[in-house]
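Any value given below was found using the heavy atoms of this structure, including those in side chains, with hydrogens, waters and symmetry copies removed.
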Amino acid sequence: QVKLVESGGGLVQAGGSLRLSCAASGRTFAPSTMGWFSQAPGQEREVVASITSSGGSTYYADSVKGRFTISRDNAKNTVYLQMNNLKPEDTAVYYCAAARAAGGTVVLTAAYNYDYWGQGTQVTVSS
């Protein structure tokens, strides 16, 4: 079992920045692909970014390319999402997720590929 706890959400003005953190505990963190997903009210949960266990490969949704950066520190069992130039449309609950599939060697974009989820952290961007 892996427990994931997100932090770092909040209220920010458009153009501002936030850094989300996701701390993992329980089973070994390293051999897992990690992902960040967002879910706005009434919307499906969508992938924002994904990173392989080594950190060597990353994926970004088109809407966040050039603005968000996913990274991980396996020594600290933590994955991060640096969010810059935030827009009102980025407002959502952001979830961290861990996937065991493929031993963490590939990025994963579908929510059903992920085995463990955090409780979510609210990000609100005001215009």
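With sequence neighbours excluded, no residue satisfies side-chain hydrogen bond (donor to acceptor under 3.5 Å, both in side chains) with S126. Under the side chain to side chain contact (heavy atoms under 4.5 Å, CB included) criterion, A40 pairs with Q43, A92, not counting sequence neighbours. Under the rule for a side chain to side chain contact (heavy atoms under 4.5 Å, CB included), the partners of A110 that lie at least two apart in sequence or sit in another chain are Y112, N113.
Taking CG from L86 and OG from S17, the interatomic distance works out to 6.0 Å, rounded to the nearest 0.5 Å. Between the CG atom in L108 and the CG atom in D115 there is a gap of 9.5 Å [rounded to 0.5 Å]. One distance of note links CG of N84 with OG1 of T69; it measures 6.5 Å at 0.5 Å rounding. Taking OH from Y80 and CG from L20, the interatomic distance works out to 12.0 Å, rounded to the nearest 0.5 Å. If you take CE on M34 and CD1 on I51, they are separated by 9.5 Å, rounding to the nearest 0.5 Å. How far CH2 of W36 is from CD of E6: 5.5 Å, rounded to the nearest 0.5 Å.
Pairs of residues two or more places apart, or lying in two chains, that qualify as disulfide bond (SG atoms under 2.5 Å apart) and include a residue from residues 36-108 are C22-C96. Evaluation of the ring-ring contact (aromatic ring centres under 6.0 Å, His included) test over residues 37-65, restricted to residues two or more places apart or in two chains, returns F37-Y114, F37-W117. Screening residues 53-91 for disulfide bond (SG atoms under 2.5 Å apart), with sequence neighbours left out, gives no hits.
Within the 4.5 Å cutoff, the side chain of M83 has heavy atoms near those of the V123 side chain. Using a 4.5 Å heavy-atom threshold, the side chains of N74 and K76 count as separate.
Residues Y95 and V47 share a single hydrophobic cluster, defined by chaining ILVMFWY side chains whose heavy atoms lie under 4.5 Å apart.
Considering V107, V79, T58 in turn, V107 is the only one that fulfils the side chain to side chain contact (heavy atoms under 4.5 Å, CB included) rule with S50.
Scanning both residues, R72 and S32, for their nearest heavy atoms gives NH1-O, 2.7 Å. Looking at every heavy atom in both residues, A24 comes nearest to V2 through CB-CG1, 4.3 Å. In terms of heavy-atom proximity, S21 sits nearest to T78 at CB-CG2, 4.4 Å. Residues S127 and A14 approach most closely at CA-CB, 4.4 Å, considering heavy atoms. A pairwise comparison of heavy atoms in V106 and T33 identifies O-OG1, 2.6 Å as the closest pair.
Judged purely by distance below 3.5 Å, without hydrogens or angles, the side chains of T124 and Q122 pair a donor atom with an acceptor atom.
Distance alone, capped at 3.5 Å, is enough to place a donor-acceptor pair between the T52 side chain and the S57 backbone.
Using a 4.0 Å cut-off between charged nitrogen and carboxylate oxygen, D90 and K87 do not count as a salt-bridge pair.
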